[in-house]
Every structure is written in C-alpha cells, then in structure tokens.
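Here's the structure we're looking at; comments come further down.
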Amino acid sequence: MAYTVTTRTRASSIAGIIALALIALGLILPAFASRSLIQDLFFILTMLTLAQLWNLIAGFGGMVSVGQQAFVGIGAYAMFAGVILWGWDPVPAILLGGVAAFLLAIPMAFFAFRLAGAYFAIGTWVIAEVTRLIIAQWKTLGGGTGTSLP
C-alpha cells in the first residue's frame, strides 16, 4: 500500500500568489495612497495581529493570558528608544521593538509556562505589571505617560 503526501494544491498555489500580490501592493501603497488610508490600514492590521495573538494563546493554546500588553509596550518603548536616543530611522527601529519583545518573552515564558488555569492568567498579568512599573521609570522616553516621535 502506497501513501502520498500532498504539499501543494491548486487552492494553496492561488492563495500564495494572492498573498504575494498583497505584499507587493502593501510595499508600493505609500507611493500613491493618502496618509489617512495608510494610518487606517496600519490600525486595522495592528488590531488583526493582536487578534491573532489572542487566538493563538486562548483559542488554540487554551491559556487565558492578560499580559500581551507587556510585549506591545516593550516593543514600542524599544522602537522609540532607537529613534529618539540613538537617532535611528523609525522603520528599522520597528525590528528593534520585535527583538526587545522577544528578549522579554524568554524569561517571561520560563516563569509563566509553569502555571496553569487562573494562575497563568494572574501570573501573566503580574509580569506585565512589573514590566510596566520598570518602563515607567525610563524618564527619557516620558516614563509612564509615554512620548511622541520627534
């Protein structure tokens, strides 16, 4: 009896081509789209990303986490630090935000993934609150009130 594994179907090929076309459109969109359209798309895609994060954690993982804001916050503060303190261009500084969130995730996962149920939810909340209290001391970037890009 022979088994076959299908790694690509006609539908997945079409979806891949559409995805590449949407990525190309997203890259050239700032050349001809209005600023308000770009801001609206940025907001929608940010909310979509956060919804996917929640779906992965609570939906597929079955873990109710209330600490995601720590990753968003540390990423934003790291990006702003790259722009304001080190003079980076804002677009490459976004990658710095992702690296900072990753570096926060390593020790957070070490502690949080040992908890289950309500303890996991409370533990992630505490970790996020500790992160907020530490970042609030960073006066150069506005402390707990935040700041704007120059």
Side-chain angles (χ1 to χ4, degrees), residues 2-113 115 120-121 123-125 127-132 134-136 138-150:
Y3 294 100
T4 61
V5 176
T6 304
T7 58
R8 187 170 77 180
T9 64
R10 180 181 167 115
S12 68
S13 297
I14 292 171
I17 291 170
I18 291 172
L20 287 174
L22 287 173
I23 290 171
L25 178 68
L27 290 173
I28 62 170
L29 193 64
F32 60 86
S34 68
R35 183 178 181 97
S36 64
L37 176 66
I38 299 294
Q39 286 177 330
D40 290 343
L41 284 174
F42 183 81
F43 177 76
I44 289 169
L45 293 174
T46 301
M47 292 300 112
L48 180 64
T49 302
L50 292 174
Q52 286 295 333
L53 171 71
W54 181 256
N55 185 39
L56 284 172
I57 291 175
F60 293 115
M63 300 179 290
V64 177
S65 170
V66 289
Q68 294 94 324
Q69 69 272 20
F71 300 111
V72 176
I74 197 75
Y77 270 97
M79 186 203 103
F80 276 52
V83 172
I84 294 171
L85 302 178
W86 303 321
W88 290 14
D89 187 67
V91 176
I94 293 172
L95 295 174
L96 178 64
V99 169
F102 172 74
L103 292 175
L104 174 65
I106 294 170
M108 183 176 174
F110 178 77
F111 294 111
F113 288 153
L115 304 172
F120 178 79
T124 56
W125 181 16
I127 291 171
E129 187 64 17
V130 168
T131 304
R132 185 192 68 82
I134 291 170
I135 293 298
W138 201 352
K139 300 298 182 202
T140 311
L141 295 179
T145 60
T147 187
S148 297
L149 286 176

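As a basis for the values below, the full set of heavy atoms in this structure was taken, side chains included, without hydrogen atoms, waters or symmetry mates.
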**Asked** Looking at side-chain heavy atoms only, is the closest gap between Phe71 and Thr131 below 4.5 Å?
**Response** no
**Complete:** CD1 (Ile84) and OH (Tyr77) are apart, to the nearest 0.5 Å, by 10.0 Å
**Message:** With a 3.5 Å distance limit and no angle check, can you tell me whether Thr46 reaches the backbone of Phe42 through a side-chain donor-acceptor pair?
**Reply:** yes
**Prompt:** How many angstroms lie between atom CG of Leu48 and atom CG of Leu53, to the nearest 0.5 angstrom?
**Reply:** 11.5 Å
**Message:** If you define the side chain from C-beta out and look only at heavy atoms, does anything of Arg132 sit under 4.5 Å from Ile135?
**Reply:** no
**Item:** Residues Trp86, Leu96; criterion side-chain contact (heavy atoms from CB on, under 4.5 Å); working and verdict
**Value:** CA-CA 12 Å; Trp86 303 321; Leu96 178 64; 3.5 Å; yes
**Request:** Kindly compute the distance separating CZ (Phe113) from CZ (Phe120), expressed to the nearest 0.5 Å.
**Result:** 5.5 Å
**Message:** A side-chain contact here means heavy atoms from C-beta on lying under 4.5 Å apart; do Ile94 and Met79 qualify?
**Reply:** yes
**Prompt:** What's the shortest heavy-atom distance between Ala100 and Ala78, and which atoms?
**Reply:** CB-CB, 3.4 Å
**Asked** Are any of the side-chain heavy atoms of Leu41 and Leu29 separated by less than 4.5 Å?
**Response** yes
**Item:** Spacing of Arg35 atom CZ and Leu37 atom CG [to the nearest 0.5 Å]
**Value:** 12.5 Å
**Message:** If I take atom CG from residue Leu25 and atom CZ from residue Phe32, how far apart are they, to the nearest 0.5 angstrom?
**Reply:** 5.5 Å
**Asked** How long is the span from the CG atom in Leu104 to the CD1 atom in Ile127, to the nearest 0.5 Å?
**Response** 8.5 Å
